[in-house]
Amino acid sequence: MSENIFEVKNLQKWFPVRRSMTDVLKNRLSYVKAVDGVTFNIRRGEIFGLVGESGCGKTTTGKILMKLLEPTGGQMILDGQEVTHITAERLRKYRREVQMIFQDPYASMNPRFRIRDVLEEPLLIHKVGEDHQARLQMVAKALSEVRLQPPEEFMERFPHMLSGGQRQRAATARSLILNPKFIVADEPVSMIDLSTRAEILHMMKLVQRELQLTYLYITHDLSTARYFTDTIAVMYLGRIVEMGDPDDVIDHPRHPYTMALISAVCEPVSGKVNRIKDVPIKGEVPSAQNIPQGCRFHPRCVYAKDECRNEKEPELEIVEGRHLVACRRYKEI
Amino acid sequence: MAAEKTTQNKRVLEVKNLKLHYLTSQGAVKAVDDISFCLNKGETLGIVGESGCGKTTTAVALMMMPSPPGKIVGGQILIEGKDIVPLTETQIRKQIRWEKISMVFQGAMNCLTPVYTIGKQMMETLREHREMSKEEAIARIEKYLAYVGLSKEVLKRYPHELSGGMKQRIVIAMALFLEPKIVLCDEPTTALDVVVQAQIINLLKDLKQQLDLSFIFITHDLATEAEVSDRLMVMYGGKIAEIGTNEQLYGKQGPMHPYTQRLLKATPLLHEKVEELAFIPGRPPDLLKPPAGCKFHDRCNVVMDRCKVDEPDLQEVEPDHFVACWRCRES
């Protein structure tokens with residue numbers, strides 16, 4: 001068994017855009033480069049956090065890893081096996097190995113199914129369990145893993161009879177029931193109230209430690225990412241700009257974009273009311289259809305120099321240990 | 001009730017024993033139940049709490065537009081000393097709503113019509129309220145666009161051509177251009193990215209100074225509230241649990257009410273590594289059948305016998321700091 005459960009090399013996803021008449025005549029193609037050369041390894045048993053603003057490609061990356069989208073280029077290796085392009089037969093197996101927890105626990109369950117039906121569905125699809133009785137036992141086991149106690153009682157309920165937190169627990173149980181190797185959690189707590197958010201993250205972490213699971217945690221919230229993850233990767237416009245241990249990335253950010261993100265986060269401490277916050281970033285996110293030349297962050301960067309505009313895009317390089325950054329001037333700033 | 005030690009003339013808004021109930025076939029849902037507070041001139045009052053605790057309903061009541069079956073069943077809302085509850089809908093529309101008190105809604109970016117240009121939408125709202133020539137209206141719109149940091153270029157654009165942050169700025173400009181003195185912001189930054197969020201918060205602080213406004217800022221996020229609010233009002237189950245200044249709640253001493261304390265503990269700090277985040281088990285009470293006594297007692301970790309039978313009222317524990325909790329009164 002290799003150390004990495006998932007290896008992603010130079011992954012790309014370009015969406016073709018509808019062309020105007022002049023584009024057609026000039027035979028010009030244009031693309032939205034949602035994911036544009038992403039490389040990372042996810043170690044077995046870790047929680048890998050992918051953070052960034054909306055439109056940075058984090059959800060697209062998650063969907064490619066879920067095999068809901070075909071990558072345009074690059075390579076994906078799951079547990080030593082190449083899975084970049086796979087047959088329909090292999091995909092069936094893949095779906096058991098890789099599971100997903102969705103953002104909205106209200107929309108991700110059939111309202112007419114009882115919780116036991118919701119959880120039994122994946123077992124039926126993948127023909128797991130000998131008979132109904134055996135399957136129900138597995139459902140009960142999954143429910144107790146996510147601490148929905150007593151499971152017998154929750155099995156008979158409909159989704160609307162559960163609170164947001166309980167519903168997200170049930171959704172987690174559904175993705176655990178097939179014993180996956182790898183779980184993609186796309187903003188699993190952003191729709192949940194603050195008071196229960198910590199409860200869900202705590203439960204997910206507990207289950208992860210108990211069952212030796214690996215998560216890809218996609219979020220825009222740096223504060224929960226710091227608490228929840230073992231590695232953080234910051235994405236900007238389809239590329240990873242900084243990656244490393246949460247403590248390194250958040251306490252000693254090296255990329256100007258990460259610095260701006262961190263300075264923008266609100267914190268519950270006194271004495272900030274009448275102060276205007278300094279966020280060192282310019283303008284707005286450019287369109288992924290029109291990615292700037294050179295370093296893709298340069299138009300918004302307050303430290304940008306001519307070399308950032310004209311020279312080749314910087315690759316991720318090692319700052320120290322596992323801390324990587326893609327900025328040619330990180331030593332100076 | 002909550003009589004505060006600020007002089008009468010500094011208050012722009014005063015709410016006394018306000019009750020807004022949703023009268024359903026199964027009984028009254030007491031979404032806002034007998035709350036009293038005030039808003040001083042030039043201050044930002046934050047309202048926080050979990051979903052379903054009555055934050056938005058309070059704002060809707062202040063705008064005098066409860067959606068059926070909601071109804072204001074009691075209390076007073078005094079704007080500049082005048083009670084607006086007995087006024088008719090026509091009077092409110094002419095004199096109060098958007099003229100004296102305006103609101104930036106939750107998910108405000110979706111408030112714009114996709115089929116009209118920004119200019120047309122803004123013009124329509126403005127000329128509906130004010131008799132102005134087209135030139136005057138354009139001048140005023142441009143003035144307010146400048147306040148929110150947008151160029152007049154956007155007037156020709158359609159909403160889909162603008163980013164979320166720009167749309168939010170437009171909605172803020174529209175809430176301001178009739179020159180109200182009180183602005184309600186209901187989760188104005190929740191749907192935005194962190195960087196844009198910080199920019200909008202900076203904008204609101206700047207506008208407050210420039211235009212001498214008073215804000216009511218509603219959110220579920222205690223971290224955002226710490227950056228914008230001079231005073232904070234914590235709601236739970238349709239009631240006020242605690243009111244205090246920013247310094248009292250976020251400073252060294254910290255909040256007094258167990259609910260506020262635990263809500264604050266559940267808010268993750270970016271620069272502090274914790275092994276385990278705290279949370280509040282259980283869920284907010286069903287307001288159709290609220291529990292007896294203190295509404296928080298079944299989730300409270302320092303509950304006493306008295307909490308289960310008697311409901312505590314809001315009492316001043318130190319200047320400007322009000323708490324509704326039996327436990328706090330003991331110590």
Do you know which of A/Thr196, A/Ile276, A/Thr224 has the most heavy-atom pairs under 4.5 Å to chain B? A/Ile276
Would you mind checking which part of B/Leu203 comes under 4.5 Å of any heavy atom in chain A, side chain (CB onward), backbone (N, CA, C, O), both or neither? neither
Decide yes or no for B/Ile201 and A/Cys266: does some side-chain heavy atom of the first lie under 4.5 Å from some side-chain heavy atom of the second? yes
Within the distance-only criterion (no hydrogens, no angle test), does the side chain of A/Glu267 pair as donor or acceptor with the backbone N or O of B/Leu270 below 3.5 angstrom? yes
Side chains of B/Ser229 and A/Val273, heavy atoms from C-beta outward: is any pair under 4.5 Å? no
Can you confirm whether the side chains of A/Ser54 and B/Asp193 place a donor and an acceptor under 3.5 Å from each other? yes
At a 4.5 Å cut-off on heavy atoms, which part of B/Val228 comes close to chain A: side chain, backbone, both, or neither? backbone
For the side chain of B/Lys205 and the backbone of A/Arg275, is there at least one donor-acceptor N/O pair under 3.5 Å apart? yes
Please look at A/Glu53 and chain B and tell me whether the side chain, the backbone, both or neither of the residue comes under 4.5 angstrom of a heavy atom of that chain. both
With a 4.5 angstrom heavy-atom cut-off, could you sort out which part of B/Leu264 is near chain A: side chain, backbone, both or neither? side chain
With chain B, which of A/Leu222, A/Ile250, A/Leu201 has the greatest number of heavy-atom pairs at distances under 4.5 Å? A/Ile250
If you count heavy-atom pairs under 4.5 Å with chain B, which of A/Asp221, A/Asp251, A/Val285, A/Ile281 comes out on top? A/Asp251
Most heavy-atom pairs under 4.5 Å with chain B, out of A/His220, A/Gln166, A/Lys272, belong to A/Lys272
